[in-house]
Q: 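Sharing a structure with you now.
No experiment lies behind these values; they were computed from the predicted model shown.
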There are 2 protein chains.
Amino acid sequence: MNEKTIPDIVIGRLPRYLQALEHMLQQGCTVTSSKELGEKIGISAAQIRKDLSQYGEFGKQGKGYSVPFLVHKLQQILKVDRIWDMALIGAGNLGKAIAYYQGFIDHGFRVALIFDSDPQKVGQVINEIPVLHTSMMIETIQTHQIKIAMLTVPAQVAQSVTNQLIQAGVKAILNYAPITLTVPDDVHVQYIDPIIHLQRMTYYLD
Amino acid sequence: MNEKTIPDIVIGRLPRYLQALEHMLQQGCTVTSSKELGEKIGISAAQIRKDLSQYGEFGKQGKGYSVPFLVHKLQQILKVDRIWDMALIGAGNLGKAIAYYQGFIDHGFRVALIFDSDPQKVGQVINEIPVLHTSMMIETIQTHQIKIAMLTVPAQVAQSVTNQLIQAGVKAILNYAPITLTVPDDVHVQYIDPIIHLQRMTYYLD
DNA sequence: CAAAGGTTGTGTAAATTATCACATCCTGAA
DNA sequence: TTCAGGATGTGATAATTTACACAACCTTTG
Ligand SMILES: NC(=O)c1ccc[n+]([C@@H]2O[C@H](COP(=O)([O-])OP(=O)(O)OC[C@H]3O[C@@H](n4cnc5c(N)ncnc54)[C@H](O)[C@@H]3O)[C@@H](O)[C@H]2O)c1
Ligand SMILES: NC(=O)c1ccc[n+]([C@@H]2O[C@H](COP(=O)([O-])OP(=O)(O)OC[C@H]3O[C@@H](n4cnc5c(N)ncnc54)[C@H](O)[C@@H]3O)[C@@H](O)[C@H]2O)c1
C-alpha cells in the first residue's frame, strides 16, 4: 500500500483532519463522513477520501468513518500515538507562553528541557521546568535523546543555535525566529511567523 | 500586466522574499540575484523570477535586482507600505507575548486595541495599551476602522468572537486557536498552530 | 569597440495536484 | 428478501504548479 512516497502536501493536511476529528470526538460525535469533515475544515470530500486512502481503507461504504478509529489511525500515521519530548530554546516572552501552553501535552508533545543564554533567566522555573544554560545544551539534549526543538531566540542567533541543535542530534525544529535556517537533508524545519501570515492577508485588503 | 488573477500560492511566497530581502538590506547588501535569494530561502531561481515577473520587470539583466528597490516594490504589492492597526483578542499568556512583540511595528503592523472578557484582565496595561472589555469590542473596532484582528482566545469561544469581529467590519483574522473558523468569502483567515507543524514533522521521524 | 560572462523575463514542456464520476458496498426499511 | 439511499475508494481527467531552456540584454574588461 505504501509503495511510492506520499507527497508532503498530503502530510500537511493530515494534522488538520486529526484536529477536527479530535474536536468531534470531544463533542461525542462517533461517526462522520468525508462530506461532513470537509465542510468543517473547508476541504473537498474527494480530497479527504483520496488522502486517507493512501494509508488504507478506514471507512465503511454507506456509513462513513468511525471517529475514534480514524483518530487512532491518524495518530499512528503521524506518530503521535506516543509522547515526544521537546527542547525549548529561548525563555523570553514567547518562549514562556509556549512553555505554559497545555495544548502540547494533550497532543503528544512535552516540553522537557528549556535553555537560555541569559544568566538572569537560568535557574528560573517555568511550568515546573528549570531553565538551563545553553552551555549545557548539546550534552543534555544528547543524554535525553531529544529529537524535537522549538526555537524562540532572536533571529541573529537562530542559525548558530540551530547548528548546535543538529550537533546534539535534533531532527525536527519548529522555528519562531523570522529567518530561514540552513540544515542538512535529514533535519526537518517548520516556520511560524505571524508577519508572513499577516502580509499574506493584507495583499487582499484595500 | 495584472490581467488574470495571480494564484494564492504565489502570494504566499512574496512575504518570504520580502523577509529575506529586508534581512539583506539590514546587512548592507544592495544588489542580489534570483540565484542568491533562492539559495537563501530554498526556492529555485526560476520560481522567484517567474513570481516577480507577474508584477513587472524589477531586475536588470546581467546585474540582478536592487535590494532596496525590490523591498519597496514588494511592500507596495503586499500593501505593507503603510501601518495597519490591529486588534488583539485574548490577553492571556500568548496574547501578552504577542502584544510585546516588536516585530510587528517594524513590518507595518501595530497592535492598537486589546480585548478580554475576564474582568481581572480588563484595565491592565500591556505594552502601553489598556485591555478593554469585550462588551466594547464591536463598537470600538468600528470606530477605529480596524480591519485586522489576532485571535488568542480559547478554542471554545473562537467562533463566537469571530462572528463579532466580522460584525465589526474586520476583514482579516490571524487565528491562534486550534479550530477552523467559518467566515464569509470576503474575510480572510490564516492559522497559526504549533501542533499542526509539529505533527507534520513527527511523520518523518522514526 | 568587441567579446565574455552573467542574469533577467518568459514561452513551453513536465510534473504535480485536485476534481470528477462511478462501480462497489453497506445499512435500514418495507 | 429486496430495494432505495448514501458513502467509500479509485481510475481517469482536468487544472494547477514547477522546471527547463534560451533569446535578450547589461556590465565589465581588454
Ligand atoms: N513574541 C512574539 O509574539 C513573537 C512572535 C513571533 C516571532 N517571535 C520571534 O521569536 C523570537 C523570540 O521572541 P521574544 O519576544 O520571546 O523575544 P525575547 O527577547 O523576549 O526572548 C528571547 C530569549 O532568547 C534568549 N537568547 C538570546 N540569545 C540566546 C542564545 N544564543 N541561546 C539561547 N537563548 C538565547 C534571550 O535571553 C531571551 O530570553 C524572536 O526571534 C522573535 O522574532 C516572537
Ligand atoms: N500559549 C501558547 O503558546 C499557544 C500556542 C498555540 C496556540 N495557543 C492557543 O491560543 C489561545 C490562547 O492561549 P493562551 O495560552 O494564551 O491561553 P490563556 O488562557 O492564557 O488566555 C486566553 C485569554 O482569553 C480570554 N478570553 C476567554 N474568553 C474570551 C472571550 N470570549 N473574549 C475575549 N477574551 C476571552 C481569557 O480571559 C484569557 O485571558 C488558545 O486557543 C490556545 O489554544 C496558545
Q: Is the ring pair A/Y204/B/H188 parallel, tilted or perpendicular, if the boundaries are 30 and 60 degrees?
A: parallel
Q: For D/dT8, does OP1 or OP2 lie under 4.0 Å from any side-chain N or O of A/R49?
A: yes
Q: Answer yes if the side chains of A/Q159 and A/N163 hold a donor-acceptor pair under 3.5 Å, and no otherwise.
A: yes
Q: Can you measure B/Y55 atom OH to C/dT10 atom P for me and round it to whole angstrom units?
A: 14 Å
Q: Identify, between A/D51 and A/K63, the residue whose nearest nucleotide on DNA chain D lies closer to the 5' end.
A: A/K63
Q: Less than 4.0 angstrom between a side-chain N/O of B/R13 and OP1 or OP2 of D/dT18, yes or no?
A: yes
Q: Report yes or no: is there a donor-acceptor pair, N or O only, under 3.5 Å between the side chain of B/K50 and the base of C/dT12?
A: yes
Q: With a 4.5 Å heavy-atom cut-off, do B/Y191 and B/I179 have their side chains touching?
A: no
Q: Check the distance between C/dT17's P and A/I11's CD1 and give it to me in whole angstrom.
A: 11 Å
Q: Can you check the A/I6 CD1 to C/dT17 P distance for me, whole Å?
A: 12 Å
Q: Let's see if you can work this out: which of D/dC26, C/dT17, D/dG9 has an atom nearest to the side-chain heavy atoms of A/I9?
A: C/dT17
Q: What's B/K35 touching, base or sugar-phosphate or nothing? Going by heavy atoms closer than 4.0 Å.
A: nothing
Q: Give the rounded distance in Å between these two atoms: CD of B/Q54 and P of D/dT16.
A: 14 Å
Q: Look at the side-chain N and O atoms of B/S44 and state whether any lies under 4.0 Å from the OP1 or OP2 oxygen of D/dA19.
A: yes
Q: Over how many whole Å does the gap from A/L52 atom CG to D/dG9 atom P extend?
A: 8 Å
Q: Test your reading of the model: is there a side-chain donor-acceptor pair from A/W84 to the backbone of A/K79, 3.5 Å cut-off?
A: yes
Q: D/dG9 phosphate, OP1 or OP2: any side-chain N/O from A/Y65 under 4.0 angstrom?
A: yes
Q: Are any of B/S34's side-chain N or O atoms less than 4.0 Å away from OP1 or OP2 of C/dT8?
A: yes
Q: Mark yes or no for a side-chain to base donor-acceptor pair under 3.5 Å between B/Q61 and C/dT8, with no hydrogen or angle criteria applied.
A: yes
Q: Whole angstrom is fine here: how far is it from CG in A/L37 over to P in D/dA7?
A: 13 Å
Q: In this structure, how many angstroms lie between the P atom of D/dA7 and the CD1 atom of A/I48, rounded?
A: 13 Å
Q: Just by distance, no angles: are the side chains of A/Q190 and B/Q199 close enough, under 3.5 Å, to form a donor-acceptor pair?
A: no
Q: Expressed as a whole number of angstroms, how long is the span from B/E57:CD to C/dT8:P?
A: 12 Å
